[in-house]
Amino acid sequence: MAVDDQEANLIALQAALKDSSYRLVTATSGAEALEHVRTYEFAAILLDIQMPNLDGFETAQLIRRIERGRHTPIIFLTAIFNDEKFVERGYEVGAVDYIYKPVNVSVLKAKLEVFAELFRKTKEIEFYSKAARLRERLDRDRRIAEIQEQNQKQYQDLVEGIRNGIVWTANAESLRYSFVSPHAETILGYPLRRWLDDSAFIWSRVHEEDRELVDSALRTARETGEDVEFQKRMIRSDGECLWFNTTVRCAETDRGKELRGLCIDVTRLKETETSLREMLKMRDEFLSIASHELKTPLTPLQLQVQAVERLFNQGRIDKVPRETLSQLFQTSTAQVSILVRLVDQLLDVSRITSGKLSLVKDRVDLAEIVSNVVRLFMDELLSKSVEVRLDIPGPLFGTWDCSRLEQVVMNLLNNAIKYGEGKPIQITVEQVGDQAVLEVADDGIGIAPADQKRIFERFERAVPPQSFSGLGLGLYITRQLVELHGGRITVQSDPRSGTRFTVVLPIDAEA
Ligand code: ADP
């Protein structure tokens, strides 16, 4: 821009610079020059010093205050010759050069060309650096978008991958679901659409005993904004009740307050917990029954031993009649047998549990085994006046573990005596095809149908412990022994007409 109050000078300049690579803007006053500076950016300003109103120096000062003119090179045009002070003032207000009138056109042209070139170069650099910055920003934005998308995908995969859990969000006030992870459908059986369209229905699927707890947990989450954890039950579409461990938090979003929850299906864990509790309870019950059962024969045994000791210490043992002593020893031996039987049962259970119970098979006669056992029980049968009827047509040989089969017959006969109410017992042995069938039947108290399966399990009993002694292990061990032989045991019973246990054994079980 050229600024001069003498229009003739401006016209001369325009003519001189008409073939230049830049455009010349003219102004005839400081004020007009300032107006142009506000509108355009100039490569250089040729400023006449001596002008009315605003002179060149004042105009230069004001140009510097305008953003567009802050760094524009200013060349002063002056007729005043080389005065030091004058030149200094020019530099103070931002002059880069002086040109003296009358103007040497070729010098002026050369100088302006330099400024124009500088301006172009600066603009070019600015343009490229702006472009580079823009490209950089676009690159960065793209990378951020990619990372965000990746994160979103990972987050989605993570949420959708939770197979045993439901991730959800819902409006904190209306409790309307806004998001539910897809596995909700597989876990609870209600279609995802129903969660979103009929949220009230899903909330109504909370077990009625847990609704108060859920309401209060949601209230706490809303009021505190902290994580709230609780366990609740929900009813699956097929009516099954599932346990969930739920964590809920309330967050502020642009859609208002939002509840965010994670419900993990812990039904199996709960079941395990319940069965563990039951097992612990069973163990405690067993310990108390076992100590009672062991104590029962021990007390009379202790009394008998103490009585013999007393007689011995008093030197009166010789005077006790032989029959009395024999009676004493007989009852002591009976008590010891009961103890041995109980301890054997416990040992067998531990062998079965650890898989260490094995058979020693031989060729043995089941008929003889049954007869021997009945003989062993003869004293007890006589003392209780219980009749045993044997129906054994003849020997029945098979490949079995003799002492373990004895144990089977003993357990069944022992039970028939214990629960048989003193009525006759029938034992049958017969061969059916390649199987041996043993039956022990009584006319005693019988077993209710509901109990007939579980009595073969460990510690299971179907009688009150105060009425009948026992650990609830005999039938469990019997079943294990029969099954180890490849056979099976069943029961037929009616609470009014006694009980029949049937054992079927393969005759040629592998040795
Ligand atoms: P225990 O006799 O020590 O209780 P068992 O395992 O031998 O243990 O028997 C389990 C339960 O089966 C008994 O407690 C009883 O309720 C029932 N039971 C077994 N045999 C008979 C039977 N012959 N008559 C009626 N109930 C029986």
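Read the numbers this way: they start at 1 and go in the same order the structure lists the ligands and their atoms. Heads up: numbering here begins at 1 and tracks the sequence. For the numbers below, each heavy atom of this structure counts, side chains included, while hydrogens, waters and symmetry mates do not.
Considering only non-hydrogen protein atoms, atom 26 (N) of ligand 1 sits nearest to I447 CG1, 3.2 Å. The shortest contact between atom 6 (O) of ligand 1 and any protein heavy atom is with L475 N, 2.7 Å. Of all protein heavy atoms, the one lying nearest to atom 23 (N) of ligand 1 is D442 OD2, 2.9 Å. For atom 7 (O) of ligand 1, the nearest non-hydrogen atom of the protein is N415 ND2, 2.9 Å. Here the heavy atom of the protein found nearest to atom 16 (O) of ligand 1 is A462 N, 2.8 Å. Closest to atom 13 (C) of ligand 1, if we only count protein heavy atoms, is Y419 OH, 3.3 Å.
Ligand 1 has at least one atom lying under 4.0 Å from a heavy atom of F501.
Residue-ligand proximity, E460 to ligand 1, at heavy-atom distances under 4.0 Å covers atoms 10 (C), 11 (C). Heavy-atom proximity to K418, at under 4.0 Å, picks out these atoms of ligand 1: 1 (P), 2 (O), 3 (O). Of all the atoms in ligand 1, the ones that sit under 4.0 Å from a non-hydrogen atom of G472 are 1 (P), 3 (O), 4 (O), 6 (O), 8 (O). Less than 4.0 angstrom separates some heavy atom of L473 from each of these atoms of ligand 1: 6 (O), 8 (O). The distance from ligand 1 to the heavy atoms of G470 drops below 4.0 Å at these ligand atoms: 3 (O). Each of the atoms 14 (O), 16 (O) of ligand 1 lies under 4.0 Å from some heavy atom of V463.
For the residue pair K232 and T246, a side-chain donor N or O sits within less than 3.5 Å of a side-chain acceptor on the partner. A donor-acceptor contact closer than 3.5 angstrom is absent between the side chains of E258 and N171. Counting only N and O atoms by type, the side chains of S350 and D348 include no donor and acceptor under 3.5 Å apart. Using modelled atom types and a 3.5 Å distance limit, the side chains of N411 and T478 yield a donor-acceptor pair.
Remark: R194 qualifies as a cation-pi partner of F201 under the 6.0 Å distance and 45° angle criteria applied to the six-membered ring.
Using cut-offs of 30° and 60° on the angle between ring planes, the pair F468 and Y419 is tilted.
In summary, R404 and E406 do not engage in a salt bridge, as defined by a charged side-chain N under 4.0 Å from a carboxylate O. Salt-bridge check for R341 with D344: failed, with every basic side-chain N at 4.0 Å or more from each acidic carboxylate O.
If you look at D451 next to ligand 1, there are no close heavy atoms at all, none under 4.0 Å.
Under the side chain to side chain contact (heavy atoms under 4.5 Å, CB included) rule, Q480 has a single partner from I352, V349, L357, L475, which is I352.
Between atom 4 (O) of ligand 1 and the options R500, R461, Q345, the minimum heavy-atom separation is to R461. Of the candidates I455, L471, T499, I455 brings a heavy atom nearest to atom 12 (O) of ligand 1.
Polar contact with ligand 1: absent for Y476 (N/O pair, distance under 3.5 Å). In terms of N/O distances under 3.5 Å, ligand 1 is not approached by S469.
For E136, the CD atom counts as loosely surrounded, since its 6.0 Å shell holds 12 or fewer non-hydrogen atoms of other residues, nucleotides or ligands.
Proximity of the aromatic rings of W203 and Y177 is defined here by a centroid distance below 6.0 angstrom, and this criterion is met.
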